[in-house]
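Everything below concerns the one structure shown next.
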Amino acid sequence: MSLIMKISVLQILGLLILDGLLHCQGLARHTFVVKNVPYTRLCSTKNILTVNGQFPGPTLHVNKGDTIVVDVLNKANYNITIHWHGVNQPRYPWSDGPEYITQCPIQPGQKFSQKIIFSSEEGTLWWHAHSDWSRATVYGAIIIHPKKGTSYPFPKPHAEVPIILGEWWKKDIMELYNEFRESGGDPNVSDAYTINGQPGDLYPCSKSETFKLMVDYGKTYLLRIINAALQDILFFAIAKHNITVVGTDASYTKPLKTDYIAISPGQTIDVLLETNQALGDYYMAAKVYSSAEGVDYDNTTTTAIVHYNQNYNTSSRPQLPNLPSYNDTNASANFTGRLRSLADDNHPVHVPLNISTQLMFTVSVNTFPCSTNSCQDPHGSRLAASVNNISFELPSIDILQAYYNHISGVYGDQFPSFPPFLFNFTAEDLPLALETPKRGTEVKVLEYNSTVELVLQGTNLAAGTDHPMHIHGYSFYVVGWGFGNFDKDKDPLGYNLVDPPLQNTIAVPKNGWATIRFKADNPGVWFMHCHIERHLSWGMDMTFIVKNGSNPEAQLLPPPSDLPPC
């Protein structure tokens, strides 16, 4: 028997054994039915895409290290995929979810059973659609409790509450998406932000349904905050209350007391709220942080109410918290920059110190020439985006299937390790000729167990702004960040290699940079993209392929039998 055949047999046996163990243990199973349901917000009703008719969708509860199966049944009129954001899915990208990266979409009437393998994550993550802009309403929380017999690294809270921030449009989201793609310009801004699906009582026809958090005086509550918004980084605070950050992206942090947070699309932040103020009602509120000049933004504020349960007069209106200005870049970057991993004996850090693979990727908003006269850009162009000057194009079959089955012609493997053009990335006035990227479906191949340092460099091409970059299949240490152009000689001297935060999404600051490190020990095909949805749609995406290791335990597991057809 050849070595290749032996490895294949061992892989199959490994998956069969895993399946057998799971069934013996009574595998937890959930059903997600994707369907259209009418919902009323802002005085009007429209059909929205939901899971099980719920908006937001159902919360999944697991313990650290669990494996579950979610049967996804598509009863809608559109293709759908579901991504388990921040779940590393060791050796099993088949259920990761991004369309045409790890699977073809689940077509109307089809079903796909997705195995979700939790490993080192502990805290708050979330799930969402990963096809077109369906995630505008198809999302929900994932709460990963400590393993049985272990506890939080802080006193057990009185209660735990997901707080999911989102956006709402009066228009049908697929109409909005199609108009955006045709126009070549920015999409229409949202009509409201939401907290747990409700805009709050500062919007018309919304007061009676405003989300209320009922609390008792003198208790501590764990708020699991998720930014599920499509397009915007958000500031969040609670009037008259400080909060203590204790986790981000399912990893514990050193306690950080603050009066506000900045949270990017895709990020989760766990905070402790101590109910120690005078009896009354207090607004929790969120509003936009928008750094791009000349770009429209939703300037409304979503609210929910923290209501103390004891008897008192509630005739007065709740107080609003003080939130940073909509364009306060320092407030956003400085909050993120204060996060530190817990880094104690029970939660050690493993920052790669000896780097074998050095990468630098520029992340840019770009333009393409418009083939018609209908584009909205004043220069007669259509907006685009890129990583290292390549605007990513989705293939017609998924990259994972092509990689696993050795199908040629689906993707190239020549994604550049460094920017193809070197210039003053953050200069005020850059030549228009630099704005046009290449189109392509290129991947970056990483050796198994390589230690990677990736500098993400923002640029001031068509529009300088923040870019929350998310990598599937990995959490990474954010060892440094700054404004301006990264200096390879000076900036590494300021890296935090002791207790950097472990995250799966990091906002590269406007006209700045962020450096991340990770060990490429999860073989498979893994997507990286900006989590601002218009940037993703324009092409600010790329894909890593992490090669198999030499041992069977370090190799990609075989696919499930019910992968959606392409």
Side-chain angles (χ1 to χ4, degrees), residues 4 8 11 79 81 83 88-89 91-107 112 130-132 181 357 359-364 366 368 384-421 436-448 450 452 454 456 469-474 518 520-531 533 535-549 554-560 563-566:
I4 293 174
S8 297
Q11 286 177 327
N79 292 343
T81 65
H83 169 54
N88 291 338
Q89 294 281 75
R91 303 169 56 209
Y92 199 71
W94 304 103
S95 289
D96 188 47
E99 65 174 352
Y100 298 111
I101 305 298
T102 60
Q103 67 172 86
C104 289
I106 308 167
Q107 298 172 21
F112 180 34
H130 214 303
S131 45
D132 298 328
R181 297 294 286 177
T357 303
L359 304 173
M360 183 179 184
F361 294 173
T362 53
V363 286
S364 307
N366 304 92
F368 281 124
S386 67
V387 180
N388 267 0
N389 207 48
I390 297 177
S391 187
F392 187 80
E393 292 194 323
L394 289 173
S396 57
I397 70 169
D398 61 277
I399 292 175
L400 176 58
Q401 195 173 160
Y403 169 65
Y404 188 79
N405 293 315
H406 307 288
I407 301 171
S408 61
V410 176
Y411 63 87
D413 60 2
Q414 299 301 309
F415 190 89
S417 298
F418 297 93
F421 304 113
T436 304
K438 295 180 179 179
R439 290 184 170 96
T441 310
E442 298 290 333
V443 307
K444 184 64 189 174
V445 179
L446 298 176
E447 295 294 328
Y448 180 77
S450 57
V452 180
L454 168 58
L456 294 162
M469 301 302 294
H470 170 54
I471 302 182
H472 293 221
Y474 284 89
F518 62 94
D521 56 2
N522 190 11
V525 172
W526 305 109
F527 201 31
M528 185 185 86
H529 61 90
C530 183
H531 225 281
E533 210 69 13
H535 296 171
L536 186 157
S537 300
W538 286 334
M540 195 178 288
D541 339 322
M542 59 82 63
T543 302
F544 289 107
I545 290 181
V546 179
K547 293 163 71 171
N548 283 332
Q555 295 175 2
L556 184 63
L557 290 165
L563 269 178
C566 294

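Heavy-atom basis, side chains included; hydrogens, waters and symmetry copies ignored.
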Separation between CZ of Phe527 and CZ of Phe544, rounded to the nearest 0.5 Å:
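Here the interatomic distance stands at 11.5 Å.
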Please round to the nearest 0.5 Å and tell me the distance separating atom CH2 of Trp526 and atom NE2 of His470.
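Spacing of CH2 (Trp526) from NE2 (His470) equals 10.5 Å.
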When you measure from the side chain of [X] to the backbone N and O of [Y], does any donor-acceptor pair fall under 3.5 Å?
X: Trp94; Y: Leu557; result: yes
X: Thr81; Y: His130; result: yes
X: Glu99; Y: Cys104; result: no
X: Arg91; Y: Gln555; result: yes
X: Asn522; Y: Gly473; result: yes
X: Asn388; Y: Pro416; result: yes
X: Ser391; Y: Lys438; result: no
X: Thr102; Y: Val525; result: no
X: Asp541; Y: Phe392; result: no
X: Arg439; Y: Gly539; result: no

Using every non-hydrogen atom in the two residues, find where [X] and [Y] come nearest and quote the distance to one decimal.
X: Pro564; Y: Gln103; answer: CG-NE2, 3.9 Å
X: Leu454; Y: Met528; answer: CD2-SD, 4.0 Å
X: Asp96; Y: His83; answer: O-ND1, 2.8 Å
X: Pro437; Y: Phe368; answer: O-CE2, 3.3 Å
X: Gly524; Y: Leu556; answer: CA-CD1, 4.0 Å

Please enumerate all residues that pass ring-ring contact (aromatic ring centres under 6.0 Å, His included) together with Tyr448, with sequence neighbours excluded.
none
Do the ring centers of His535 and His529 come within less than 6.0 Å of each other?
no
Just grab all the side-chain hydrogen bond (donor to acceptor under 3.5 Å, both in side chains) pairs involving residues 406-416, residues at least two apart or on different chains.
none
Once side chain to side chain donor-acceptor pair (under 3.5 Å) is applied, do any residues pair with Thr357, and if so which ones, sequence neighbours excluded?
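Testing Thr357 for side chain to side chain donor-acceptor pair (under 3.5 Å), a comparison that skips the adjacent residues, returns none.
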In this structure, which one of Asn366, Thr436, Thr362 forms a side-chain hydrogen bond (donor to acceptor under 3.5 Å, both in side chains) with Ser386?
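So the option named by the test is Asn366.
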